[in-house]
Visitor: 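Here it is: the structure, laid out below.
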Amino acid sequence: MPDQTDEKIELPEVDLEAAAAQPGTTPAKVEDVNEALKDVVDPELGINVVDLGLIYGITVDDTSTAIIDMTLTSAACPLTDVIEDQTRMALDGLVNDFRINWVWMPPWGPEKITDDGRDQLRALGFNV
């Protein structure tokens, strides 16, 4: 049995703030956030916000906070809280935090809908 003494063991220094800021080893990738946002569905149309073309930009900072530039089909849409709640659930575990910047310029139009979004809308009976 080894002799126990008052010997100190030198441990490497750990940046606790940086470690706490990241859920994994690196911040999430923009592509991963974009893919997760496909689980956020516009409550009125039933199509995800990515395929509707509502996402104008995504950045992820060093603390793994996603900043999402998003618009809505109408500035008068009363459902921002629903979309924010869905976003929170979709990004849970992927990023430490997120912020949605609601943007209105350029205004959203049907030309922003992806091909997948158009297919989904056609399946619902819309002529796009």
Side-chain angles (χ1 to χ4, degrees):
M1 188 166 187
D3 184 54
Q4 293 191 356
T5 63
D6 290 333
E7 187 176 321
K8 291 184 180 181
I9 298 173
E10 291 290 326
L11 296 175
E13 210 171 292
V14 176
D15 183 347
L16 295 177
E17 188 173 23
Q22 298 178 3
T25 57
T26 60
K29 295 180 181 172
V30 168
E31 296 82 12
D32 296 334
V33 172
N34 189 67
E35 188 63 31
L37 289 174
K38 290 183 178 180
D39 289 338
V40 178
V41 176
D42 180 286
E44 294 177 319
L45 295 173
I47 308 295
N48 73 71
V49 296
V50 173
D51 287 330
L52 277 176
L54 301 178
I55 305 298
Y56 283 6
I58 300 169
T59 57
V60 180
D61 68 16
D62 291 338
T63 65
S64 199
T65 297
I67 297 97
I68 304 160
D69 293 333
M70 187 184 306
T71 195
L72 297 170
T73 56
S74 164
C77 179
L79 300 171
T80 56
D81 289 346
V82 173
I83 291 174
E84 286 176 354
D85 288 344
Q86 286 186 40
T87 300
R88 183 174 293 104
M89 289 188 297
L91 298 180
D92 186 40
L94 183 61
V95 297
N96 285 330
D97 200 6
F98 74 94
R99 183 176 71 241
I100 297 176
N101 294 325
W102 296 107
V103 295
W104 309 110
M105 295 305 282
W108 179 87
E111 70 281 356
K112 298 191 182 306
I113 302 171
T114 67
D115 289 340
D116 285 344
R118 290 178 189 284
D119 290 344
Q120 293 171 55
L121 286 169
R122 284 186 198 105
L124 293 171
F126 290 92
N127 186 18
V128 290

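Each residue takes its place number in the sequence, starting with 1. In what follows, every heavy atom counts, from backbone to side chain, and hydrogens, waters and symmetry copies are set aside.
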Visitor: If you group Ile, Leu, Val, Met, Phe, Trp and Tyr by side-chain heavy-atom gaps below 4.5 Å, do L54 and V128 land in one group?
Guide: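 Both belong to a single hydrophobic cluster.
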
Visitor: When rounded to the nearest 0.5 angstrom, what distance separates NZ in K29 from CG in N34?
Guide: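 So the NZ of K29 and the CG of N34 are separated by 14.0 Å.
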
Visitor: Using the rule that Ile, Leu, Val, Met, Phe, Trp and Tyr join whenever any side-chain heavy atoms are under 4.5 Å apart, tell me whether I55 and M89 fall into a single cluster.
Guide: no

Visitor: Does L52 belong to the same Ile/Leu/Val/Met/Phe/Trp/Tyr cluster as F126, with side-chain heavy atoms less than 4.5 Å apart forming each link?
Guide: yes

Visitor: Rounded to the nearest 0.5 Å, what's the gap from CD1 on I47 to CD1 on I113? Could you check?
Guide: 8.5 Å

Visitor: Find out if a path of hydrophobic residues (ILVMFWY) with successive side-chain heavy-atom gaps under 4.5 Å connects V60 to Y56.
Guide: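 Yes; tracing contacts between hydrophobic side chains, which count when under 4.5 Å, links both residues.
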
Visitor: State the CD-CZ distance between E84 and F98, to the nearest 0.5 angstrom.
Guide: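 Answer for the CD-CZ pair, E84 versus F98, is 6.0 Å.
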
Visitor: Give the intermediate values and the outcome of side-chain hydrogen bond (donor to acceptor under 3.5 Å, both in side chains) for residues T114 and D116.
Guide: CA-CA 5 Å; T114 67; D116 285 344; 5.3 Å; no

Visitor: Carefully, step by step, assess M70 and W102 under the rule side-chain contact (heavy atoms from CB on, under 4.5 Å).
Guide: CA-CA 5 Å; M70 187 184 306; W102 296 107; 3.6 Å; yes

Visitor: Give, for atom CD1 of I67 and atom CG of N101, the distance between the pair rounded to the nearest 0.5 Å.
Guide: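 Between I67 CD1 and N101 CG, I get 7.5 Å after rounding to 0.5 Å.
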
Visitor: Verify the cluster assignment for V103 and L79: are they in a single hydrophobic cluster under the rule of side-chain heavy atoms below 4.5 Å apart?
Guide: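 Different clusters: V103 never reaches L79 through Ile, Leu, Val, Met, Phe, Trp or Tyr contacts under 4.5 Å.
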
Visitor: Return the minimal non-hydrogen interatomic distance between I83 and P43, and the atom names on each side.
Guide: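 Closest pair (atom of I83, atom of P43, distance): CG1-CD, 4.2 Å.
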
Visitor: Taking the side chain from S64 and the backbone from V95, do they hold a donor-acceptor pair closer than 3.5 Å?
Guide: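 No, the answer is negative, given that no donor and acceptor are paired below the 3.5 Å cut-off.
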
Visitor: Looking at every heavy atom in both L94 and A28, which two are closest together, and how far apart are they?
Guide: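 In this case the closest contact between L94 and A28 is O-CB, 3.4 Å.
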
Visitor: Between C77 and L72, which heavy-atom pair has the shortest distance, and what is it?
Guide: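 Closest pair (atom of C77, atom of L72, distance): CB-CD1, 3.7 Å.
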
Visitor: Atom CZ of residue position R122 - does it have more than 12 heavy atoms of other residues, nucleotides or ligands inside 6.0 Å?
Guide: yes

Visitor: Can you give me the closest heavy-atom contact between E111 and R118, atom names plus distance?
Guide: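 Between these two residues, the closest heavy atoms are CA-NH2, 3.5 Å.
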
Visitor: In Å and rounded to the nearest 0.5 Å, what is the CD to OG1 distance from E44 to T73?
Guide: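 Answer rounded to 0.5 Å: 6.0 Å.
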
Visitor: Which heavy atom of A90 sits nearest a heavy atom of A36, and at what distance?
Guide: CB-O, 3.4 Å

Visitor: Might you point out which heavy atoms bring D42 and L45 nearest each other, and give the distance in Å?
Guide: OD1-N, 2.9 Å

Visitor: What's the spacing between Q86 CD and L37 CG if we round to 0.5 Å?
Guide: 10.5 Å

